[in-house]
S.K.: 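Here it is, the structure, as structure tokens.
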Amino acid sequence: MTKSEEAKPTDFIRAIVADDLQTGKHARVVTRFPPEPNGYLHIGHAKSICLNFGIAEENPEGTCNLRFDDTNPTKEEPEYIQSIEGDVRWLGFDFEQRRYFASDYFEQIYTYAETLILAGKAYVCSLSADEIRAYRGTLTEPGRDSPYRNRSVEENLDLFRRMRAGEFPDGTHVLRARIDMTSPNINMRDPILYRIIHTSHHQTGNRWCIYPMYDYTHCISDALEGITHSLCTLEFEDHRPLYDWVLDQLDTPCHPRQIEFSRLSLEYTIMSKRWLNDLVVSRAVSGWDDPRMPTISGLRRRGYTPESIREFCHRIGITKAPNRVEMSLLENCLRDDLEERAPRAMAVLDPLRVVIENYPAEQEEMLTVPCHANHPEMGTRALGFSREVWIEHDDFREAAPAKFKRLALGGEVRLRNAYVIRCHQVIKDPATGAITELRCTYDPNTLNANPEGRKVKGVIHWVSIRHAVHNEVRLYDRLFLKANPGEDDDFKASLNPDSLRTLPACPMEASLANAEPGDHFQLERLGYFCIDSKDSAPGKPVLNRTVTLRDSWAKIEAKQ
RNA sequence: UGGGCCGUCGCCAAGCGGUAAGGCACCGGAUUUUGAUUCCGGCAUUCCCAGGUUCAAAUCCUGGCGGCCCAGCCA
């Protein structure tokens, strides 16, 4: 990044931060990423992570905390904590020792609640959940005061302490802020601060049976951590008055500024943790890290790199405008990255046997070919060649359509990194008429050289049958058929039945047998692939197709 | 029709009173032993609409229209 880029804020939040630093409102910036451990992180969280950790990185002495918003033990699991920490680190952000839990502050938060009660700003309400809802009013009608609203400070304190002591069952009492039941902002109609939940908590065990609500907890946690800018998504905009109200009543170390930005939507996928969980539980996918999932762990297993995801977050920007980003933008970030770093290899997904009749049956060669044509520094690899090779079925046509530059009967094509061959005979299954084999000849003078007196435009990939190893390849496609799943029906109704195609044993060049889980490759002319980190065995890699190459032939063909 | 927010190219998105950046997508064309990559070129007389202020408006004012969010003891 150049100095001018560093100095120039790229979005309205960075502009606010820069201004606050400039004016001396803050000496340094402190942000936080506050997930609830109730599911795996997804690409939408990556946007928030890149924003919060990014701002900290870009400013001198800036820091960003990882804080688990763990105020609801009925929905949270330690497994999620592990995955979230791993995903943040994998994305390339370091929270060092700054891993906190809202539950770290439960005692302080409780003390603040008693302060509110003492000040007459909070009361214990003994209405049932249904009654509270009824008293709340609607969007257009004001709410009504709870009959418990004017309990004495002494009674409130006594009741609240007994709530903590476990004297009451779930749902019998709540602690509420005493604000304004007629507020046009429903969040200000005496919001609930504490509820009774007799459930053990993953961090605090059985120490508590009352748990603070998000609105009450989050602002205090921010203040206790000295957060300067509390960045969250747009749906919390209506909560900001409450965020400020709570901190205004209390003597906290500071009063962070909440700023909201729009969350990420991506076409052909979903971002709701509830829905993602549904896919996992219903076995529609193999898990949170299924390579079709928009989760960080799913993208990682699919073959996305941290760099590509960070670049994506950079390109989409930060605004308050509603958005639904095209998948092609994400895919392009990936291609840009993998184009540079992925070594090349060859495999055939839909094999057609080619016999090169003028190549001696007993002969074979080990060709030395570059790992990356545009990056010689990436070295070379050995590639076996012999009389019989597999080529892609789709790379042959008996009668070539217009602009077809692959192999046709009577025509020539180059075998990538090897010789030019000519096809003179097609062998078919007499019963079905399906093409089963091609008889060809090769031009021995075309290794690393163009043929004399003619041009061969087409180049196709291939694998020597004698040298091939066979491994499973998984071809992934979008998880949903609709750009906005669940928009006007059950989201699962638009699941793509062909989002995964498994090819159990594709012939591929032998060098691939040694690939390690997580390794990236470009299978030439097919796409980028990644060695699956879960289902591969030593010497037996499973290849996940990360993304196809751009395919301008497919466009031409579609038009014809 | 209570409150909050948003509306610049198909999709993101700069712009903050001085005469519409950039990326993705798309369309040409060049190079190419990946129909990939790379490279050149094209792609908003117009900024949701209508008035108004101004020498000058996407930017300011007024009024419309369209969209999103909020009635969990979820976050």
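Excluded from the calculations below are hydrogen atoms, water molecules and symmetry mates; all remaining heavy atoms, backbone and side chain alike, are included. Chain letters run A, B, ... following the sequence lines, proteins first, then strands; residues in each count from 1.
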S.K.: What's the NE2-P distance between H201(A) and C74(B), to the nearest Å?
M.R.: 13 Å
S.K.: Find the distance Q522(A):CD to U34(B):C1' and express it as a whole number of Å.
M.R.: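 Going from CD in Q522(A) over to C1' in U34(B) covers 6 Å.
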S.K.: Would you call the rings of F68(A) and F101(A) parallel, tilted or perpendicular if under 30° counts as parallel and over 60° as perpendicular?
M.R.: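 Rings of F68(A) and F101(A): parallel, as their planes differ by under 30°.
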S.K.: Could you check whether any side-chain heavy atom of T319(A) comes within less than 4.5 Å of a side-chain heavy atom of S262(A), counting everything from C-beta outward?
M.R.: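 Touching, per the 4.5 Å side-chain cut-off.
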S.K.: Is C55(B) paired to anything, Watson-Crick or G-U wobble with both distances less than 3.5 Å, and if yes, which nucleotide?
M.R.: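 Check on C55(B): paired to G18(B), both distances under 3.5 Å.
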S.K.: Check nucleotides 22-24 of chain B against the protein and report each pair of N or O atoms closer than 3.5 Å, with its distance, or say if there are none.
M.R.:
| unit_1 | atom_1 | unit_2 | atom_2 | d |
| --- | --- | --- | --- | --- |
| C24(B) | O2' | S328(A) | OG | 3.2 |

S.K.: What N/O pairs connect the protein and nucleotides 66-71 of chain B at under 3.5 Å? Give each pair on its own line.
M.R.:
| unit_1 | atom_1 | unit_2 | atom_2 | d |
| --- | --- | --- | --- | --- |
| A71(B) | O2' | R136(A) | NE | 3.4 |

S.K.: Say you pick atom C1' in G28(B) and the same atom in A13(B); how far apart are they, in whole Å?
M.R.: 25 Å
S.K.: For U38(B), what is the paired nucleotide under Watson-Crick or G-U wobble rules, both distances under 3.5 Å?
M.R.: A30(B)
S.K.: Hey, can you tell me if Y110(A) and F160(A) have their rings parallel, tilted or perpendicular (30° and 60° cut-offs)?
M.R.: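 Correct class here is parallel.
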S.K.: I want to check a possible cation-pi pair here: R144(A) against Y135(A), using under 6.0 Å from ring centre and within 45° of the ring axis as the test.
M.R.: yes
S.K.: Looking at every strand, decide which applies to L264(A) at a 4.0 Å heavy-atom threshold: base, sugar-phosphate, or nothing.
M.R.: nothing
S.K.: Can a side chain N or O of K555(A) be found less than 4.0 Å away from OP1 or OP2 on C26(B)?
M.R.: yes
S.K.: To the nearest Å, give me how far apart CG (D222(A)) and P (A75(B)) are.
M.R.: 15 Å
S.K.: Describe the nucleic acid contact of K320(A) in one word from base, sugar-phosphate, nothing, applying a heavy-atom distance below 4.0 Å.
M.R.: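 Sugar-phosphate contact only.
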S.K.: Evaluate the ring planes of F404(A) and W553(A), with Trp represented by its six-membered ring, and classify them as parallel (under 30°), tilted (30 to 60°) or perpendicular (over 60°).
M.R.: perpendicular
S.K.: For L526(A), report the nucleic acid contact type (base, sugar-phosphate, nothing); a contact means any heavy atom under 4.0 Å.
M.R.: nothing
S.K.: How far, in whole Å, is A14(B) from G52(B) if one measures between their P atoms?
M.R.: 31 Å
S.K.: Under 4.0 Å, counting only non-hydrogen atoms across every strand here, what does N448(A) touch: a base, just sugar-phosphate, or nothing?
M.R.: base
S.K.: Within the structure shown, what part of the strands sits under 4.0 Å from A129(A) by heavy-atom distance: base, sugar-phosphate, or nothing?
M.R.: base
S.K.: So, H173(A) versus Y148(A), ring centres under 6.0 angstrom or not?
M.R.: no
S.K.: Give me the atom names and distance for the closest heavy-atom approach of E365(A) to Y359(A).
M.R.: OE2-OH, 2.8 Å
S.K.: May I ask you to evaluate whether S183(A) reaches the phosphate of G2(B), defined as a side-chain N or O under 4.0 Å from OP1 or OP2?
M.R.: no
S.K.: Using atom C1' of each nucleotide, how far apart are G64(B) and A71(B) to the nearest Å?
M.R.: 29 Å
S.K.: Does A36(B) have OP1 or OP2 under 4.0 Å away from a side-chain N or O of S552(A)?
M.R.: yes
S.K.: Mind checking the P distance from U8(B) to G67(B)? Whole angstroms is fine.
M.R.: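 U8(B) and G67(B) have their P atoms separated by 15 Å.
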S.K.: What integer distance in Å separates Y148(A):OH from C73(B):P?
M.R.: 17 Å
S.K.: Please state the C1' separation for the pair C43(B) and A20(B) - nearest whole angstrom.
M.R.: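 One C1' to the other, the span is 14 Å.
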S.K.: Hey, does I192(A) reach any base, or is it just sugar-phosphate, or nothing, if we go heavy atoms under 4.0 Å?
M.R.: base
S.K.: Between I196(A) and L523(A), name the one whose nearest nucleotide on RNA chain B is closer to the 5' end.
M.R.: L523(A)
S.K.: What I'd like to find out is whether the side chain of T269(A) reaches to under 4.5 Å of the side chain of R478(A), using heavy atoms alone.
M.R.: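 T269(A) does not reach R478(A) side chain to side chain.
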S.K.: Measure the distance from CE on M188(A) to P on G2(B) and round it to the nearest whole Å.
M.R.: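 Rounded to whole Å, this separation is 20 Å.
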S.K.: Looking at every strand, decide which applies to A449(A) at a 4.0 Å heavy-atom threshold: base, sugar-phosphate, or nothing.
M.R.: base
S.K.: For D394(A), is there an ion pair with R406(A) - N to carboxylate O distance below 4.0 angstrom?
M.R.: yes
S.K.: Classify the ring geometry between F236(A) and Y214(A) as parallel (under 30°), tilted (30 to 60°) or perpendicular (over 60°).
M.R.: tilted
S.K.: Taking 4.0 angstrom as the limit, do E58(A) and R14(A) come out as a salt bridge?
M.R.: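 Result for this pair is yes, salt bridge flagged.
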S.K.: Once you apply a heavy-atom cut-off of 4.0 Å, does N374(A) come out as touching a base, just sugar-phosphate, or nothing?
M.R.: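 Since a base atom lies under 4.0 Å of N374(A), the category is base.
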S.K.: Do any side-chain nitrogens or oxygens of R195(A) fall under 4.0 Å of OP1 or OP2 in A75(B)?
M.R.: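 So the side-chain polar atoms of R195(A) do come within 4.0 Å of the phosphate oxygens OP1 or OP2 of A75(B), strictly under.
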S.K.: Could you give the distance separating U46(B) and U59(B) at their P atoms, to the nearest angstrom?
M.R.: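 Rounded to whole Å, the distance is 15 Å.
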S.K.: Would you kindly give the OH-to-P distance between Y268(A) and G10(B), to the nearest whole Å?
M.R.: 16 Å
S.K.: To the nearest 0.5 Å, tell me how far L407(A) CG sits from I421(A) CD1.
M.R.: 5.0 Å
S.K.: Contact class for R324(A) vs. all strands (heavy atom < 4.0 Å): base, sugar-phosphate, or nothing?
M.R.: sugar-phosphate
S.K.: Whole-Å distance between G35(B) C1' and R397(A) CZ?
M.R.: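 Computing the R397(A):CZ to G35(B):C1' distance gives 13 Å.
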S.K.: Please state the C1' separation for the pair G10(B) and G51(B) - nearest whole angstrom.
M.R.: 31 Å
S.K.: State which of G4(B), C74(B), C12(B) makes the closest approach to the side chain of V325(A).
M.R.: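 Of all the options, the side chain of V325(A) is nearest to C12(B).
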S.K.: Contact class for L447(A) vs. all strands (heavy atom < 4.0 Å): base, sugar-phosphate, or nothing?
M.R.: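 If one applies the 4.0 Å heavy-atom cut-off, L447(A) turns out to touch a base.
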S.K.: Do the side-chain N or O atoms of R525(A) get closer than 4.0 angstrom to the phosphate oxygens (OP1, OP2) of G35(B)?
M.R.: yes
S.K.: Of the options C74(B), C12(B), A36(B), whose atoms approach the side-chain atoms of M213(A) most closely?
M.R.: C74(B)
S.K.: Applying the side-chain contact (heavy atoms from CB on, under 4.5 Å) test to Y528(A), which of H520(A), R335(A), E331(A), R545(A) qualifies?
M.R.: R335(A)
S.K.: Between R335(A) and D551(A), who's closer to the 5' end of RNA chain B by nearest nucleotide?
M.R.: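 The residue closer to the strand's 5' end, by nearest nucleotide, is R335(A).
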S.K.: Is there aromatic stacking of Y214(A) against A75(B), centre distance under 5.5 Å, plane angle under 30°?
M.R.: no
S.K.: Take atom C1' in A21(B) and the same atom in A36(B), then report the distance between them in whole Å.
M.R.: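 Their C1' atoms lie roughly 29 Å apart.
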S.K.: Need one value for F404(A): base, sugar-phosphate or nothing, where a base atom within 4.0 Å counts as base even if backbone is also close, heavy atoms only.
M.R.: base
S.K.: With a 3.5 Å limit on both atom pairs, tell me what C68(B) is paired to, counting Watson-Crick and G-U wobble, or say none.
M.R.: G4(B)
S.K.: Could you tell me how far apart R341(A) (CZ) and A36(B) (P) are, to the nearest whole angstrom?
M.R.: 23 Å
S.K.: Using a 4.0 Å heavy-atom cut-off, does S262(A) contact any base of the nucleic acid, only the sugar-phosphate backbone, or nothing at all?
M.R.: nothing
